[in-house]
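Down below is the structure, laid out as structure tokens.
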There are 2 protein chains.
Amino acid sequence: MARQGSLSTKPSPGLRIGEVARRTGLPVKTIRFYCDAGLLQPKERSAAGYRLFDEENLAELTIIRALRSMDVSIPELVRILEVRRAGVCNCSVLKDSIAAKMKSINLRISELASMKDELSRLLDSWQDCGGLKADR
Amino acid sequence: MARQGSLSTKPSPGLRIGEVARRTGLPVKTIRFYCDAGLLQPKERSAAGYRLFDEENLAELTIIRALRSMDVSIPELVRILEVRRAGVCNCSVLKDSIAAKMKSINLRISELASMKDELSRLLDSWQDCGGLKADR
DNA sequence: GCAAAGCTTCCATCCAGTGGAGGGTTCTTG
DNA sequence: CAAGAACCCTCCACTGGATGGAAGCTTTGC
């Protein structure tokens with residue numbers, strides 16, 4: 001059966017959910033949840049009803065993960081991914097929203113930096129609270 | 001009524017929840033929720049049962065806000081604040097946990113930075129998708 | 001052929017808040 | 001002092017984003 005259709009257009013067998021989970025580090029449950037939420041479309045089901053994903057889905061999951069970690073809501077992500085799928089950006093609204101997102105990332109970065117400072121100051125202040133039967 | 005006890009030990013009237021909300025930028029509901037969760041102790045109630053907060057509580061809220069934004073869970077925060085209240089750090093466990101936290105902050109910062117790059121690349125790639133009736 | 005592992009759906013639970021009803025308190029102002 | 005606005009209280013329900021578990025197919029490997 002010519003193990004892979006030889007050198008035709010690379011039909012790609014489709015990754016099952018567990019494999020996707022392994023590759024992205026996301027729990028299976030979460031991936032399923034994203035599918036249900038309309039964030040991710042498996043593009044195919046096996047005869048038995050198994051979700052089959054492709055490389056594109058993996059790329060989307062990377063985006064999803066990154067933006068979710070910035071608290072972008074799921075409906076918002078749906079919108080963003082739709083536009084991404086559409087390919088060309090015909091509306092500047094999206095550009096604006098991305099620019100805004102970048103601004104908020106910068107803000108977050110500086111927040112984190114100052115938090116780090118604060119923590120390290122805290123740590124220092126403790127370093128020399130010595131004397132009281134410290135670690136002997 | 002000597003508006004503030006003149007120059008004695010500064011009894012401080014105690015801030016009511018609305019004022020705390022105004023100063024910290026947190027919703028009243030959330031502050032109440034933190035109290036219920038044992039994160040924040042008003043230290044006093046007015047005769048009418050109003051929660052009365054002090055400066056220390058404000059400081060705690062700052063910490064809470066910062067750490068919550070790093071997804072530190074509420075039970076964990078309870079632990080942390082307890083130790084903080086206890087004053088001196090007698091266990092190095094906490095130091096370790098803070099050091100770990102700092103590590104994760106660093107990680108997060110670099111994640112964000114690379115996300116920013118990715119976004120700006122995305123934005124660039126769209127900038128010059130021009131041609132199709134762009135913005136005229 | 002059969003067990004283990006993997007997948008499905010569906011429903012319950014969790015966490016961190018948020019919203020609203022129903023009711024008491026404090027401030028302002030006439 | 002009365003009225004009204006603004007504030008506060010508790011309690012209970014609900015949300016969003018997952019996560020856990022049961023019950024039941026399917027695929028894999030010996």
Next on the checklist: Does C:dA16 have OP1 or OP2 under 4.0 Å away from a side-chain N or O of B:Arg65?
Outcome noted: no
Check whether any side-chain nitrogen or oxygen of A:Arg51 sits under 4.0 Å from OP1 or OP2 of C:dT8, and answer yes or no.
yes
Rounded distance in Å - [atom1] ([X]) to [atom2] ([N]):
| X | N | atom1 | atom2 | value |
| --- | --- | --- | --- | --- |
| B:Ile17 | D:dA6 | CD1 | P | 19 Å |
| A:Asp36 | C:dC10 | CG | P | 9 Å |
| A:Phe53 | C:dG6 | CZ | P | 16 Å |
| B:Arg68 | C:dC15 | CZ | P | 12 Å |
| B:Tyr34 | C:dC15 | OH | P | 15 Å |
| B:Arg45 | D:dT10 | CZ | C1' | 10 Å |
| B:Phe33 | D:dC11 | CZ | C1' | 15 Å |
| A:Glu19 | C:dA5 | CD | P | 17 Å |

Output row for DNA chain D, stems defined as at least 3 consecutive Watson-Crick or G-U pairs under 3.5 Å, is C:1-30 with D:1-30
ask   = If only atom types and distance count, is the side chain of A:Thr24 paired as donor or acceptor with the main-chain N or O of A:Val20 below 3.5 Å?
value = yes
For this session: Answer yes or no: is there a donor N or O on one side and an acceptor on the other, between the side chain of A:Asn57 and the main chain of A:Asp54, under 3.5 Å?
Result: yes
Are the charged groups of A:Glu82 and A:Arg79 less than 4.0 angstrom apart, N to O? no
Between B:Glu111 and A:Arg108, does any NZ, NE, NH1 or NH2 come within less than 4.0 Å of an OD or OE carboxylate oxygen? no
Output all residues satisfying side chain to side chain contact (heavy atoms under 4.5 Å, CB included) with [X], sequence neighbours left out; order by chain, then residue number.
| X | result |
| --- | --- |
| A:Arg22 | A:Glu19 |
| B:Ala48 | B:Ser46, B:Tyr50 |
| A:Gln41 | A:Arg85 |

Residue pairs meeting salt bridge (Lys or Arg N to Asp or Glu O under 4.0 Å), one or both in residues 61-75 of chain A, sequence neighbours left out, come to none
Expected string for nucleotides 20-30 of chain D under the B/S/- scheme (protein heavy atoms, under 4.0 Å, primed atoms plus P, OP1, OP2 as sugar-phosphate) is BB----BS---
5'-most contact on DNA chain C (nearest-nucleotide basis), B:Thr30 vs A:Gly18, goes to A:Gly18
Do the non-hydrogen side-chain atoms of B:Tyr34 and B:Leu61 ever get within less than 4.5 Å of each other? yes
The nucleotide from D:dG17, D:dC7, C:dC7 with an atom nearest the side chain of B:Arg22 is D:dC7
